[in-house]
**Q** 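Handing you this structure, nothing more for now.
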Amino acid sequence: MSATVSHLQNPVARRAEPAIQPAATTEARWIRIVLTLTALGFLTLFLFVPLAAVFAEALKKGWSLYLDAILEPDALSAIRLTLIAAGIAVPLNLVFGVAAAWTIAKFEFRGKSILLTLIDLPFSVSPVISGLIYVLLFGAQGWFGEWLREHDIKILFAVPGIVLATIFVTFPFVARELIPLMQAQGSEEEEAALVLGASGWQTFWHVTLPNIKWGLLYGVILCNARAMGEFGAVSVVSGHIRGETNTMPLQVEILYNEYNFVAAFAVASLLTLLALLTLALKTLVEWRSHEQRRHQADQAA
Amino acid sequence: MAFLALSTQARGKRVIPGFHLSLGFTLFYLGLIVLIPLSAVFLKTFTMSWADFVNTVTSDRVLASYRLTFGASFLAALINVVFGGIVAWVLVRYSFPGKRFIDALVDLPFALPTAVAGITLATLYAPNGWIGKLLTPLGIKVAFTPLGVLVALTFIGLPFVVRTVQPVLEEAEKELEEAALSLGASHWQTFARVIFPTILPALLTGFALAFARATGEYGSVIFIAGNMPMVSEITPLFMITKLEQYDYAGATAIAVVMLILSFVMLLTINALQAWTRRRQHAGREE
């Protein structure tokens with residue numbers, strides 16, 4: 001169980017030292033140029049041009065229309081709902097992620113690999129199915145449909161359904177970052193703290209948490225981005241009631257389908273800024289966790 | 001060494017607290033959020049007769065949607081293996097201005113909401129869009145055709161191959177390449193005999209991840225696809241259509257087929273990842 005185990009799933013642990021290229025293995029200059037241009041061309045077509053297009057379309061008719069589209073009441077209510085959904089889903093999945101990582105990394109028990117696979121399940125399920133399951137549970141013909149109607153509780157086509165669908169699709173994010181990280185770190189430091197008389201919670205707060213903080217933050221950033229951006233699952237359970245059950249991505253869809261392209265891209269540009277912020281934070285965290293590990297390695301040496 | 005590690009582990013089992021609390025909470029939350037809701041899909045299909053189920057999941061329109069969904073996902077993942085592999089190679093082995101910025105931006109399709117990707121690609125490839133305008137004179141229609149589905153699925157699958165191959169290339173032992181070259185192998189031979197076998201498991205893992213993601217994708221596809229039944233309708237959209245007609249059983253039957261296929265892919269991916277790790281490990285130990 002060395003650090004290699006975590007390399008694929010855990011980008012925080014992944015960043016290796018920049019390799020120094022020995023001259024002997026360098027290809028001919030023209031091959032390097034062709035490969036670099038191919039890579040850049042592909043990325044331009046699929047990343048840079050779409051990125052530029054979002055902002056170009058949003059600002060096509062000028063800043064004042066752009067601001068109007070964002071400050072319109074339905075747009076604001078969509079922003080509010082998106083913040084609520086992410087504000088509930090992210091902390092819950094954070095607590096789960098820490099508990100799951102503690103269980104899997106610190107203990108040996110039977111069925112561990114099955115548990116790992118089950119935690120990954122929501123990633124491999126189509127967003128449409130992630131929404132469908134809540135329709136089957138809480139819809140009019142669903143398992144709890146009648147009971148909910150008798151008690152006048154609305155879950156489907158209302159905020160609770162949106163929150164549930166968001167929790168489902170973002171379920172594995174934090175756990176997935178923390179499990180390989182904590183497995184690679186082992187339990188020696190915790191054992192030392194416990195032997196020296198610290199309680200379980202003290203050990204967690206003062207030993208484990210500082211060690212996993214960058215991985216934790218990394219998971220939270222990714223979890224939040226997906227929570228705010230989820231479309232398919234939320235679309236199935238939302239019912240698309242303007243000003244009530246529309247999140248930002250759903251608002252983008254409605255505006256686009258009404259041929260209100262400037263407004264659609266204006267809301268989309270906010271989500272794009274969020275995506276860019278996510279990538280910036282992620283890069284920063286990768287950099288910091290790399291620093292931390294190098295620091296620890298220096299101290300150990 | 002092995003004995004020492006074992007004894008530490010055995011001691012750890014006694015010392016570290018919170019096993020029952022953390023395991024209990026993990027299983028409770030997993031059951032509540034994932035397992036019980038997912039089991040609803042399977043239980044719902046048991047309300048259908050076998051004949052109904054088979055008829056629903058093999059109707060002409062569904063079969064056409066499987067062909068499109070899996071065909072386009074396969075091609076998109078293949079495109080990403082080729083170009084994602086080149087991107088990973090360039091990012092690891094060469095240096096050029098703006099490399100770190102570009103490296104960070106590779107993850108954009110993970111971070112960008114799918115609806116945003118969908119309307120942007122649809123606008124770009126529409127006949128009057130930036131890219132569509134260039135393709136229309138050539139007689140190539142992308143938006144509102146199956147080709148549009150391929151473009152959207154290539155976009156969302158882009159980071160997978162890059163991010164699985166990159167760490168393997170970073171760790172690859174250059175001494176082997178140097179040895180091959182100094183023993184007289186050409187660059188092409190070195191690539192085919194030394195580098196390619198090293199990154200093959202990672203390429204396959206990236207392919208499988210991109211493919212799995214693409215088969216379930218909804219948001220980025222529906223805007224650019226045109227959604228014509230039998231022609232450019234993907235399976236997830238067909239499920240939505242069924243739901244909108246209140247045909248819950250029909251939607252669920254198709255969902256079961258898709259779920260079973262995703263489980264198979266998940267197991268395949270796990271196996272591929274284990275293979276990648278063994279390869280990496282073996283390379284180090286030797």
Side-chain angles (χ1 to χ4, degrees), chain A residues 4-5 7-8 14 16 19 22 24-25 27 32 35-36 38-39 42-43 46-47 50 53-54 57 96 99-100 102-103 106-107 118 121-122 124-129 132-134 136-137 141 167-168 171 187 190-191 194 200 225 229 231-232 249 252-253 256 264 268 271-272 275 278-279 283, chain B residues 12 15-19 22-23 25-26 29-30 33-34 37-38 40-41 44 83 86-87 90 94 96 104-105 107-108 111-116 119-121 123-124 155 158 164 167 170-171 174 177-178 181 187 212 216 218-219 236 239-240 248 251 255 258-259 262 266 273 276-277 280-281:
Chain A
T4 352
V5 173
H7 275 310
L8 270 178
R14 203 203 69 208
T25 54
E27 297 77 26
R32 289 205 311 267
L35 286 178
T36 309
T38 310
F42 181 67
L43 293 178
F46 280 98
L47 293 184
V54 175
E57 292 289 329
F96 165 73
W102 184 269
T103 315
K106 305 287 182 201
F107 304 101
L118 290 177
L121 260 187
S124 56
V125 171
S126 170
V128 173
I129 298 175
L132 169 73
I133 55 180
Y134 292 102
L136 295 179
L137 288 182
Q141 315 167 18
I167 293 174
F168 182 90
F171 181 88
S187 312
E190 280 84 358
E191 280 163 24
L194 289 160
F231 175 72
V252 168
E253 181 198 21
Y256 184 84
L271 289 167
T272 308
T278 302
L279 293 184
T283 311
Chain B
V15 178
I16 302 280
F19 177 63
S22 62
L23 180 68
F25 177 74
T26 301
Y29 191 74
L30 179 74
I33 300 289
V34 178
L38 270 181
V41 175
K44 178 77 183 176
F83 289 97
I86 294 175
V87 169
V90 167
Y94 305 153
F96 50 89
L105 218 55
D107 284 326
L108 184 74
L112 193 71
T114 53
V116 176
I119 64 165
T120 309
L121 293 173
T123 307
L124 280 174
F155 173 83
L158 193 151
T164 45
E170 274 166 358
E171 299 230 323
K174 291 228 190 56
E177 290 167 49
E178 280 169 41
L181 287 166
H187 275 288
Y218 173 69
M239 282 192 266
I240 297 259
Y248 290 0
M258 294 295 278
L259 271 179
S262 339
L266 188 66
Q273 279 178 335
T276 313
R277 285 196 293 264
Q280 259 183 320
H281 225 66

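Note: hydrogens, waters and symmetry copies are ignored here, and every other heavy atom, side chains too, is used. Naming convention: chains lettered A, B, ... in sequence-line order (proteins, then strands); numbering from 1 in each chain. Predicted model, so just to flag it, every value in this text is computed and none were measured.
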**Q** Could you look at A:Thr283 and say if it's the side chain, the backbone, both or neither that has a heavy atom under 4.5 Å from chain B?
**A** side chain
**Q** Please rank B:Thr114, B:Val41, B:Leu124 by heavy-atom pairs under 4.5 Å with chain A and give me the top one.
**A**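 Ranked by contacts with chain A, first place is B:Leu124.
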**Q** Measure across A:Phe168 and B:Ile33 and return the closest heavy-atom pair with its distance rounded to 0.1 Å.
**A** CD1-O, 3.3 Å
**Q** Of the backbone (N, CA, C, O) and the side chain (C-beta and beyond), which part of B:Tyr94 lies under 4.5 Å from a heavy atom of chain A, both, or neither?
**A**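 Just the side chain, heavy atoms under 4.5 Å.
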**Q** Tell me, do B:Ile119 and A:Val54 make a side-chain contact under 4.5 Å, heavy atoms counted?
**A**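 No. Closest side-chain heavy atoms not under 4.5 Å.
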**Q** Given side chains that start at C-beta, do those of A:Phe171 and B:Leu30 come closer than 4.5 Å, heavy atoms only?
**A** yes
**Q** Where does B:Leu112 contact chain A at under 4.5 Å (heavy atoms): side chain, backbone, both or neither?
**A** both
**Q** Would you call B:Leu266 and A:Leu121 a side-chain contact if the rule is heavy atoms closer than 4.5 Å?
**A**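 SC-SC contact between B:Leu266 and A:Leu121 confirmed.
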**Q** Non-hydrogen atoms of chain A under 4.5 Å away: do they reach the side chain of B:Phe96, the backbone, both or neither?
**A**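 Contact with chain A is through the side chain of B:Phe96 alone.
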**Q** Does any heavy atom of chain A fall under 4.5 Å from the side chain of B:Leu23, the backbone, both, or neither of them?
**A**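 Both backbone and side chain of B:Leu23 come within 4.5 Å of chain A.
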**Q** For B:Ala255, is it the side chain, the backbone, both, or neither that has a heavy atom closer than 4.5 Å to a heavy atom of chain A?
**A**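 Contact with chain A is through both the backbone and side chain of B:Ala255.
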**Q** Name the region of A:Leu35, side chain, backbone, both or neither, that has any atom closer than 4.5 Å to a heavy atom of chain B.
**A** both
**Q** If I measure from the heavy atoms of chain B, does A:Glu57 come under 4.5 Å with its side chain, its backbone, both, or neither?
**A** side chain
**Q** Which of the residues B:Pro37, B:Gly219, B:Ser262 is involved in the greatest number of heavy-atom pairs with chain A at under 4.5 angstrom?
**A** B:Pro37
**Q** Would you check, one step at a time, whether the test side chain to side chain contact (heavy atoms under 4.5 Å, CB included) holds for A:Phe42 with B:Val87?
**A** CA-CA 8 Å; A:Phe42 181 67; B:Val87 169; 4.2 Å; yes
**Q** May I ask you to decide if the ring planes of B:Phe25 and A:Phe96 are parallel, tilted or perpendicular, using 30° and 60° as cut-offs?
**A**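 Ring orientation, 0 to 90° scale: tilted.
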**Q** With a 4.5 angstrom heavy-atom cut-off, which part of B:Leu105 approaches chain A: side chain, backbone, both or neither?
**A**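 For B:Leu105, backbone and side chain are both near chain A.
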**Q** Relative to chain B, which segment of A:Leu137 carries a heavy atom at a distance below 4.5 Å: side chain, backbone, both, or neither?
**A**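 Interface part for A:Leu137: side chain.
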**Q** Using side-chain heavy atoms (C-beta onward) and a distance below 4.5 Å, is B:Ile16 in contact with A:Trp102?
**A** yes
